[in-house]
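Below: the structure, in structure tokens.
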Amino acid sequence: MNYWLMKSEPNAFSIDDLQAMPKQTEHWDGVRNYQARNMMRDEMKVGDQVFFYHSNCETPGIVGLMEVVRESYPDHTAFDPQSKYFDPKSSPDKPRWFMVDIKYIRHTNRVISLSELKEHEPLENMPLVRKGNRLSIMPVSKAEWDYILQLEEGR
DNA sequence: GCCAACGTTGGC
DNA sequence: GCCAACGTTGGC
């Protein structure tokens with residue numbers, strides 16, 4: 001089983017929004033970065049565990065846990081000229097962008113902020129804490145996953 | 001294939 | 001709102 005972290009701006013789609021969806025499940029659309037796409041398309045498997053991260057907000061940080069419940073399939077928002085994620089270079093017979101379905105598991109008992117994550121040496125190799133990194137989906141090692149869950153209880 | 005210009009991300 | 005970092009675009 002693999003572990004991941006996925007970013008979303010809470011203004012656009014928050015963990016509360018995910019929790020409120022039917023079956024607490026939603027497709028993770030709008031990824032338009034090749035590195036992120038490749039991980040989602042090729043490596044994310046049903047049952048993988050995912051941190052939900054709120055970005056571009058008052059306190060950026062990890063706010064909850066989710067799980068992959070459907071593996072990659074074409075992101076239909078790329079086909080819709082009305083969508084802000086429209087990409088004319090993607091078509092149903094030759095899709096360029098993909099998404100997975102994600103299910104809410106739980107909120108963390110507090111926001112584990114980016115500034116806190118940066119304080120911990122065992123997490124220093126996470127792309128998340130490195131300056132200028134803009135990946136919206138990134139792998140998390142088992143050690144990092146466990147460390148962060150233990151942090152959640154710590155404060 | 002290079003690289004300048006431009007757009008986006010996202011912390012602060 | 002600012003701006004650093006980075007990805008993408010497009011002229012050449």
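Computed over heavy atoms, backbone and side chain alike; hydrogens, waters and symmetry mates excluded. Order of the sequence lines fixes the chain letters, A, B, ..., with proteins taken first and strands second; residue numbering starts at 1 for each chain.
- Across A:A36 and A:I137, no two heavy atoms sit closer than the pair CB-CB, 4.1 Å.
- Going from atom CE of A:M138 over to atom C1' of B:dG10 covers 11 Å, rounded to whole Å.
- Rounded to a whole Å, the CD atom of A:Q35 is 16 Å from the C1' atom of B:dT8.
- Neither OP1 nor OP2 of B:dT9 sits under 4.0 Å from any side-chain N or O of A:Y53.
- A:H54 has its NE2 atom 17 Å from the P atom of B:dT9, to the nearest Å.
- In this structure, NZ of A:K131 is placed 20 Å from P of B:dT9, rounded to the nearest angstrom.
- Per the geometry, CZ belonging to A:R134 stands 10 Å off P belonging to B:dT8, to the nearest Å.
- Residue A:G132 is the one, among A:G132 and A:K89, whose nearest nucleotide of DNA chain C lies closer to the 5' end (criterion: closest heavy atom).
- Between the side chain of A:D48 and the main chain of A:N2, a donor-acceptor pair closer than 3.5 Å is present.
- To the nearest angstrom, C1' of B:dG10 lies 15 Å from CG of A:L117.
- The side-chain contact (heavy atoms from CB on, under 4.5 Å) test with A:H54 is passed by exactly one of A:P60, A:S113, A:S14: A:S14.
- Atom CE of A:M99 and atom CZ of A:R37 lie 14.5 Å apart (nearest 0.5 Å).
- The CG atom of A:L128 sits 17 Å away from the P atom of C:dA5 (whole-angstrom rounding).
- Atom CG of A:L135 and atom C1' of B:dG11 are 16 Å apart (whole Å).
- Dashed line: the shortest gap from a side-chain N or O of A:K118 to OP1 or OP2 of B:dC12 is under 4.0 Å.
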